[in-house]
Amino acid sequence: MAPKVDPQNLRETFGRFRVLILGRANAGKTTILQKVCNTAENPEIYNAKGDKVWDIMHALMGAQRGNHDIRNEMVFKSNPGFVFHDSCGFEAGSAEEFEDMKRFISERANATKLEERIHAIWQVAPSRVWRSYCIPMDDHCRTIQRAEEKFFSECNTGNVPVIVIFTKFEALRPVAFGEIKKDLGGLSKEERSKRIAERVQELFKNTRVWDRLCELCDTENHARPKSYICLENMNRADTNCNTLLECTAFALDSEELKLCFVSTQQSNMELCIKYAVE
């Protein structure tokens with residue numbers, strides 16, 4: 001029997017779990033990170049030297065002026081086991097920002113020191129970068145923009161799993177309701193909700209957005225997304241990102257890294273139990 005691994009020792013070896021989160025402005029990235037870290041507070045931001053950026057608004061204003069630095073680290077006091085990097089800027093169409101993002105991914109996916117690697121790209125991973133990419137679904141007729149196309153067709157993410165997060169999924173509900181409204185008469189509230197949810201999934205499938213993202217990735221490009229999740233109503237207090245956390249945990253290809261990741265989820269007993277059972 002293999003010796004039992006102490007997650008705390010793994011944390012000391014790997015350092016913090018490092019995630020690159022990609023996505024357009026207003027895609028809901030900050031809300032997702034707050035849900036992941038179980039807080040309503042804004043993160044503290046540090047530059048590459050470890051110096052604290054004086055406040056989040058300063059960093060955001062810099063991003064809007066095109067001065068955003070993807071190497072800045074965002075850390076939430078509620079869960080310092082995570083460190084996040086934000087791609088903010090490249091989606092605006094700047095060739096310089098895009099090339100800088102590609103360099104950052106290449107550097108951090110292959111960094112010699114484990115603690116400096118990105119362990120996942122949340123496209124919102126690992127074996128050496130946890131990555132997550134947020135694509136808002138509030139315009140289901142125009143789900144992929146040039147920035148997403150360039151990322152999936154040109155970026156090599158090595159062994160880092162890419163998880164696609166479709167946000168604002170609730171925007172499809174009114175569309176679904178309008179299409180099947182006449183068929184809902186006489187049904188119970190539960191059955192109506194079920195039918196609407198089924199139609200939402202059909203609408204999403206009909207966009208072929210997932211198929212198109214996969215088609216953008218040629219056989220030599222490791223940015224091929226590993227899986228996706230759909231999030232809705234993230235501004236409500238009763239919603240969470242447990243599906244994202246679970247998806248990320250099982251996307252990691254290293255048992256040690258999985259344990260390191262699960263060790264950051266002390267408040268998420270459901271995930272810890274699922275992973276223990278697996």
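This is a predicted model, so every value here is computed, not measured. Computed over heavy atoms, backbone and side chain alike; hydrogens, waters and symmetry mates excluded.
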Taking D238 first and then R236, would you say they form a salt bridge - that is, a charged N and a carboxylate O separated by under 4.0 Å? yes
CD1 (I196) and CD (E179) are apart, to the nearest 0.5 Å, by 11.5 Å
Quick one: CG on N47 to CG on N72, what's the gap to the nearest 0.5 Å? 6.0 Å
Give me the atom names and distance for the closest heavy-atom approach of F82 to V75. O-CG1, 4.0 Å
Scanning both residues in full, the closest heavy-atom pair of M74 with I45 reads CG-CG1, 4.1 Å
R108 side chain to R117 main-chain N or O, any donor-acceptor pair under 3.5 Å? no
Between CG of L184 and NZ of K182, what distance do you get to the nearest 0.5 Å? 11.5 Å
So does E202 have more than 12 non-hydrogen atoms from other groups sitting under 6.0 Å from CD? yes
Would you mind reporting whether L33 and T30 have side-chain heavy atoms less than 4.5 Å apart? no
Mind checking what makes ring-ring contact (aromatic ring centres under 6.0 Å, His included) contact with Y228, not counting sequence neighbours? F166, F204, W210
Residues R16 and P80: closest non-hydrogen pair is CD-O, 3.2 Å
In a check of side chain to side chain contact (heavy atoms under 4.5 Å, CB included) between N240 and each of N242, L244, T243, which one passes? N242
OG1 on T167 to CG on N233, rounded to 0.5 Å: 11.5 Å
Scanning both residues in full, the closest heavy-atom pair of C37 with S78 reads O-OG, 2.6 Å
Going by an N to O cut-off under 4.0 Å, is there a salt bridge joining E44 and K52? yes
Grouping I, L, V, M, F, W and Y whenever their side-chain heavy atoms are under 4.5 Å apart, do F76 and V53 come out in a common cluster? yes
Quick check: do V162 and K226 have side-chain heavy atoms less than 4.5 Å from each other? no
Check whether V83 and M101 end up in the same hydrophobic cluster, where Ile, Leu, Val, Met, Phe, Trp and Tyr are linked by side-chain heavy atoms less than 4.5 Å apart. no
What are the two closest heavy atoms between L172 and L203, and how far apart are they? O-CD1, 4.0 Å
With a 4.5 Å cut-off on side-chain heavy atoms, are R173 and E232 touching? yes
D183 bridged to R195 by N-O distance under 4.0 Å: no
Sequence neighbours excluded, which residues qualify as side-chain hydrogen bond (donor to acceptor under 3.5 Å, both in side chains) partners of D211? none
I'd like to know if the side chain of N110 and the backbone of S106 have a donor-acceptor N/O pair within less than 3.5 Å. yes
Is there a donor-acceptor pair under 3.5 Å between the side chain of R192 and the backbone N or O of L187? yes
With a 4.5 Å cut-off on side-chain heavy atoms, are E73 and P43 touching? no
Would you confirm whether K29, through its side chain, and D86, through its main-chain N or O, come within 3.5 Å as a donor-acceptor pair? no
Just by distance, do the side chain of H85 and the backbone of V19 share a donor-acceptor pair under 3.5 Å? no
Any side-chain heavy atom of C241 within less than 4.5 Å of one from M234? yes
Do side-chain atoms of S193 reach the backbone of E190 as a donor and acceptor pair under 3.5 angstrom? no
To the nearest 0.5 Å, what is the distance between CD1 on I70 and CD on E107? 10.0 Å
Rounded to the nearest 0.5 Å, what separation is found between the CD atom of E99 and the SG atom of C155? 8.5 Å
Is there a side-chain contact between L20 and F104 (heavy atoms, below 4.5 Å)? yes
Carefully, step by step, assess F98 and S87 under the rule side-chain contact (heavy atoms from CB on, under 4.5 Å). CA-CA 9 Å; F98 183 74; S87 69; over 6 Å; no
Is it the case that the side chain of T31 and the backbone of N235 share a donor-acceptor pair, with hydrogens and angles ignored and the cut-off at 3.5 Å? no
Short question: side chain of Q34, backbone of E41 - any donor-acceptor pair under 3.5 Å? yes
Mind checking whether R71 and K49 have side chains closer than 4.5 Å, heavy atoms only? no
Just do the side-chain contact (heavy atoms from CB on, under 4.5 Å) check on N79 and T39 with the steps written out, would you? CA-CA 9 Å; N79 196 337; T39 183; over 6 Å; no
Do K102 and E97 sit within salt-bridge range, that is, some charged N less than 4.0 Å from a carboxylate O? no
Hey, are the side chains of Q201 and K205 touching, using non-hydrogen atoms and a 4.5 Å cut-off? no
